[in-house]
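Just so you know, ligand 1 is whichever comes first in the structure, and atom 1 is the first atom listed for that ligand. We're numbering straight along the sequence, starting at 1.
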Amino acid sequence: MKNMRDDLESILYTEEALAEVVKQLGARISEDYQDKNLLIVGILKGSMVFMADLMRQITIPCDIDFLAVSSYGSGVKSSGEVRVLKDLDSKLEGKDLLLIEDILDSGTTLSYIKRMLSTRKPASVRICTLLDKPERRKTDIKADYVGLTVPNAFIVGYGLDYDQKYRNLPFIAVLKPEIYC
Ligand code: IMP
Ligand code: MG
């Protein structure tokens, strides 16, 4: 039987470590948005596992929506082109938007999305990313909430993929370079 674990170099964050980080983010967001009109927007597909855990750690009322974009193809580097595959269902006017991302890498994807959504007159737009790889940034975008700052390695699991695989690992791991080289 195939085992995804054979393709991994090391485990970077365990399920328990991730749960603690997500709990703390949920508490901060609940505190900061208590008098606001919070709409959390998951950027598909990478954020789905993080979003599902984070929303259950948010204790104030909030709406949820999803935006599907594609910028990667099957490589490990961003193509630099962002395509909207599924737009939001919600009207944004007056909403306090919190964009939920799995990882902020070059910043191309989030810069594009933030610019696009800001034209729809939300009350505010902020970013919450589980992981931040600041070494790789090519734009001046910053996340307002960061779970963990990660080294410059290609990582998978907990929603993050390589060529659409490994999203279902319950932890975050470094992929063996021979898998994508
Ligand atoms: P950016 O536009 O370069 O910031 O890319 C952001 C997107 O690239 C994320 O939402 C991920 O889907 C993907 N990505 C960036 N780094 C990694 C990684 O190390 N593993 C898996 N996906 C990644
Ligand atoms: Mg991805």
Side-chain angles (χ1 to χ4, degrees), residues 4-15 17-18 21-22 25 29 39-55 64-88 97-119 125-181:
M4 289 183 288
R5 292 181 192 220
D6 298 336
D7 298 345
L8 307 178
E9 187 140 285
S10 58
I11 294 180
L12 208 53
Y13 303 107
T14 62
E15 278 186 82
L18 291 170
V21 167
V22 172
L25 285 172
I29 292 165
L39 169 65
I40 56 172
V41 172
I43 315 297
L44 295 173
K45 303 171 192 164
S47 73
M48 60 162 291
V49 180
F50 174 44
M51 172 96 164
D53 284 346
L54 180 66
M55 61 188 270
I64 70 162
D65 206 341
F66 295 95
L67 184 71
V69 297
S70 158
S71 69
Y72 254 54
S74 64
V76 291
K77 274 203 196 115
S78 177
S79 62
E81 250 175 68
V82 181
R83 271 194 313 144
V84 175
L85 306 177
K86 185 225 163 274
D87 206 337
L88 297 176
L97 244 65
L98 186 59
L99 307 178
I100 311 295
E101 250 295 28
D102 53 353
I103 184 164
L104 181 54
D105 190 40
S106 72
T108 311
T109 312
L110 274 175
S111 299
Y112 177 89
I113 292 173
K114 197 173 176 186
R115 216 176 324 118
M116 176 184 86
L117 298 181
S118 296
T119 64
V125 186
R126 298 174 94 189
I127 292 170
C128 172
T129 188
L130 175 65
L131 308 171
D132 189 10
K133 245 193 227 177
E135 272 178 68
R136 302 238 319 153
R137 200 78 85 250
K138 288 204 200 102
T139 58
D140 63 1
I141 197 143
K142 272 211 186 101
D144 303 279
Y145 301 89
V146 175
L148 295 154
T149 302
V150 295
N152 189 6
F154 198 77
I155 54 186
V156 293
Y158 199 71
L160 290 110
D161 71 305
Y162 168 65
D163 205 8
Q164 299 301 327
K165 306 241 168 26
Y166 308 102
R167 294 192 199 274
N168 55 322
L169 287 168
F171 47 76
I172 288 180
V174 178
L175 196 59
K176 281 184 182 161
E178 66 230 47
I179 303 292
Y180 56 83
C181 285

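Using a 4.0 Å cut-off between heavy atoms, Ile43 makes no contact with ligand 1 at all. With a 4.0 Å heavy-atom cut-off, ligand 1 is reached by no atom of Arg136.
Near Ala153, meaning under 4.0 Å from one of its heavy atoms, ligand 1 places the atoms 19 (O). Interface of Asp161 with ligand 1, defined as ligand atoms under 4.0 Å from a residue heavy atom, comprises 21 (C), 22 (N). Distances below 4.0 Å separate heavy atoms of Ile155 from the following atoms of ligand 1: 18 (C), 19 (O), 20 (N), 21 (C). Which parts of ligand 1 touch Ile103 is read off a 4.0 Å heavy-atom cut-off, strictly below it: atoms 6 (C), 9 (C), 10 (O), 11 (C), 14 (N), 15 (C), 16 (N), 17 (C), 23 (C). The distance from ligand 1 to the heavy atoms of Thr109 drops below 4.0 Å at these ligand atoms: 1 (P), 2 (O), 5 (O), 6 (C). For ligand 1, the atoms lying closer than 4.0 Å to a non-hydrogen atom of Glu101 are 10 (O).
Atoms CG and CG, from Leu131 and Leu160 in turn, are 6.0 Å apart once rounded to the nearest 0.5 Å. Distance CG/Asp53 to CE/Met48: 10.0 Å, rounded to 0.5 Å. To the nearest 0.5 Å, atoms NZ (Lys45) and CZ (Arg167) are separated by 5.5 Å. One finds the CG atom of Leu99 at 11.5 Å from the CZ atom of Arg126 (value rounded to the nearest 0.5 Å). Taken to the nearest 0.5 Å, the CD1 atom of Ile127 stands 8.5 Å off from the CD1 atom of Ile113.
With atom 17 (C) of ligand 1 as the reference point, the heavy atom nearest to it among Phe154, Tyr180, Tyr166 is part of Phe154.
Taking a 4.0 Å cut-off on heavy atoms, Lys138 fails to register as neighbouring ligand 1. Within the 4.0 Å heavy-atom cutoff, Val156 does not count among the residues contacting ligand 1. Ligand 1 lies less than 4.0 angstrom from a heavy atom belonging to Ser106.
Below 30°, between 30° and 60°, or above 60°: for Tyr162 and Phe154 the angle between ring planes is above 60°, a perpendicular geometry.
Looking at ligand 1, you won't find any N or O of Leu104 less than 3.5 Å from one of its N or O atoms.
For Asn152, the CG atom counts as densely surrounded, since its 6.0 Å shell holds more than 12 non-hydrogen atoms of other residues, nucleotides or ligands.
Looking only at side-chain heavy atoms (C-beta outward), Phe171 and Leu12 stay at 4.5 Å or farther from each other.
A salt bridge is absent between Arg137 and Asp105; no separation between the charged side-chain nitrogens and carboxylate oxygens falls under 4.0 Å.
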